Protein chains: 2
Amino acid sequence: MPPLPPSGSPRPATQADVAREVGVSRTLVSFAFRNAPGVSEVTRQAIFEAARRLGYRPNSVAADLARKRASAIGLYLLDLHNEVYADIFTGVREALAGSGSRVILAAGRAGSEPDEEVGPLVEARAGVVIAATLTSPDAHVLELAGMVPIVSVARRIEGVDSVYSDDAAGARAAVEHLLGLGHTRIVHLAGPGVDGNLERLIAYESAMHDAGLSPRVVVAPSHSFESGEATAAGFLAASDGPTAVFAHNDQLALGVREAALALGLTIPGDLSVVGYDDSRGARLRGIDLTSVDLHAHQLGAAAGAAALARLRFPSEPAVDECSAPRLVVRASTAPPHD
Amino acid sequence: MPPLPPSGSPRPATQADVAREVGVSRTLVSFAFRNAPGVSEVTRQAIFEAARRLGYRPNSVAADLARKRASAIGLYLLDLHNEVYADIFTGVREALAGSGSRVILAAGRAGSEPDEEVGPLVEARAGVVIAATLTSPDAHVLELAGMVPIVSVARRIEGVDSVYSDDAAGARAAVEHLLGLGHTRIVHLAGPGVDGNLERLIAYESAMHDAGLSPRVVVAPSHSFESGEATAAGFLAASDGPTAVFAHNDQLALGVREAALALGLTIPGDLSVVGYDDSRGARLRGIDLTSVDLHAHQLGAAAGAAALARLRFPSEPAVDECSAPRLVVRASTAPPHD
DNA sequence: GTGAAAGCGCTAACAT
DNA sequence: ATGTTAGCGCTTTCAC
């Protein structure tokens, strides 16, 4: 027997319906729902009661339209599969708690153009968009910023509110850790070559040069675990393979780890691996991945605060908040054994 | 030196601005942007050109309001920190690709009321809300469903479109696997006691009863890793502790694993652990967690399809799609050694 | 304390 | 092919 039809969705109730039910004007209903002064207690109660009966829910979209200012804050997250973005999300939410602003989310999609999914946020007229992480060129971001204020998370963009971590310092710390252990054949597994993704790469190259070594960079097609695994399967098998890999993020690093173990290599015996993000996976016993913590949660909270400020003071100078990351050494790194 | 002020956000351009610029009526601009027939090619080009120059972006919110039907599909994800929801998200997106419908996301928050965060989706007037996973009582969900069609993911709700996995079968398979290995002291680490979260618990109890054993249920305060770790630290230390734990999800299971290892127990030597979701973490070498795969990606895709159908046929009977989960046996389970 | 009227940016008949 | 007009659900002066 097929289940019952869903409770049907007739036209949702409007303020007009409530007003008619109570026998007052629409204005009063509007006032009542915004706790505006000038509604007698008895009328207010009657209105709420009728609203409950009718299942009335305010239409925030129509309200914003009429009010001519957006109450929504857009939050763009590049990759839901990467836990870092969940941390950023939590931080943002925390900063926004009690501010009375709705958050509307958008997330990156596999095959889309860089930052394409930010579009819906501006078309939905978010008052400000917190973006973690933008991947299109600065010029394009600035163009976007002309339509809606942008708060860039984890990437510095001149002229746009930016809340980020010092990637150069983090990457340099990671490479120097490896260098200090005695490694010389260190591969950097970079993320796709998009704008705002280069700091770690550059810091790696510079640290290698400073040590008198030649950089060996391999670019992964995406930031995912799978992509790290597949890419590493290639360069690990080569003769004269690396004794250490510094990956752009933990996902890639875990992929490298998987590929290495599949080839019969041991970690850190045959291969040292360093990631970036210090995510949950890195911290599990048995994984113990050395990684760089960029304090994603705090980054999110700072971004949330910046967004609120931008909403209130549209023409203040852009904030530029850089925080220091921290290298967390675990058991995935050791001196090379040859 | 402080950075430059952000490019400022004057009033965003509207169709009226574009129309004025080109010297045509607003209607034509509206038509042009919706690729409606009846606009000469030259006018259309002029319109697009002017729009580009002015930085015009359509206001999807105003469009929906005028059109009197929502083009947005709401997607509620209970916990961004749980990778399963990212899989569901990906599946939904896939199913919706090319349907021309925007997706607006909302995610659960730590301290909020059950399903509270679905509210913004209905207030933003989503045409249908895909909810993964609802935690409030059926009655409350049905009330919600009176305001907007709901597609419930991973939980069956009578009278509401439901796309879910057979939790009873999955849980029973997990417990019987443990039973088959010879375990008798099996603890079930359950999620918080909310509606729609009981199937696994009940199946566990029934499987234990069928085996002539008495169930030992411990309820975790949340679904998180931390909560699993803290809770397990308690019951593992007890004398007469379990030889196996079946957790409500992988996060909890990984927390149990961590607590066990911290106590010096070995897995699966001293303790067998089974999770649920078959997430990335479970599959890592060195973790090798036995788990139940509920095919989150497919669940998401099916939910997306159901949402589209519901949008087109508002009064069709509710769909009720149940799929079979699969137990994936890995190295975290073995016969008890005493 | 309450209501009438205008308008937010857009779509959708209905003209022309 | 192009323009006019009337709303969508709401907020917001400004009267009463």
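Only a predicted model underlies this, so the values are computations on that prediction, with no experimental measurement involved. Letters A, B, ... mirror the listed sequences (proteins, then strands); counts begin at 1.
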| query | Mind checking whether D64(B) and R102(B) have side chains closer than 4.5 Å, heavy atoms only? | reply | yes

*V148(B) versus L121(B): any side-chain heavy-atom pair under 4.5 Å?*
no

Less than 3.5 Å apart, any donor N or O on the side chain of R26(A) or S30(A) sitting next to an acceptor on the other? no

- Message: Using a heavy-atom cut-off of 4.0 Å across all strands, would you classify V24(A) as base, sugar-phosphate, or nothing?
- Response: sugar-phosphate

Between CG of L28(B) and P of dA1(D) the distance, given in whole Å, is 10 Å

Rounded to whole Å, the CD-P distance (Q45(B) to dA1(D)) equals 15 Å

Considering only nitrogen or oxygen atoms on both sides, find all protein atoms under 3.5 Å from nucleotides 9-13 of chain D and state each distance.
| from | atom 1 | to | atom 2 | distance (Å) |
| --- | --- | --- | --- | --- |
| dC10(D) | OP1 | Y56(A) | OH | 2.8 |
| dC10(D) | OP1 | N59(A) | N | 3.3 |
| dC10(D) | OP2 | Q15(A) | N | 2.6 |
| dC10(D) | N4 | R26(A) | NH2 | 3.3 |
| dT11(D) | OP2 | Q15(A) | NE2 | 2.9 |
| dT11(D) | OP2 | S30(A) | OG | 2.7 |
| dT12(D) | OP2 | R34(A) | NH1 | 2.8 |

Q.
Is S25(B) close enough to dT4(D) that one of its side-chain N or O atoms is under 4.0 Å from OP1 or OP2 there?
A. no

Practice task
Identify whether NZ of Lys or CZ of Arg in R34(B) sits under 6.0 Å from the centre of the six-membered ring of F31(B) and within 45° of that ring's axis.
Solution key: yes

Output for pair (N59(A) CG, T14(A) OG1), nearest 0.5 Å, gives 9.5 Å

Here the pair of heavy atoms bringing R125(A) nearest to A70(A) is O-CB, 3.0 Å

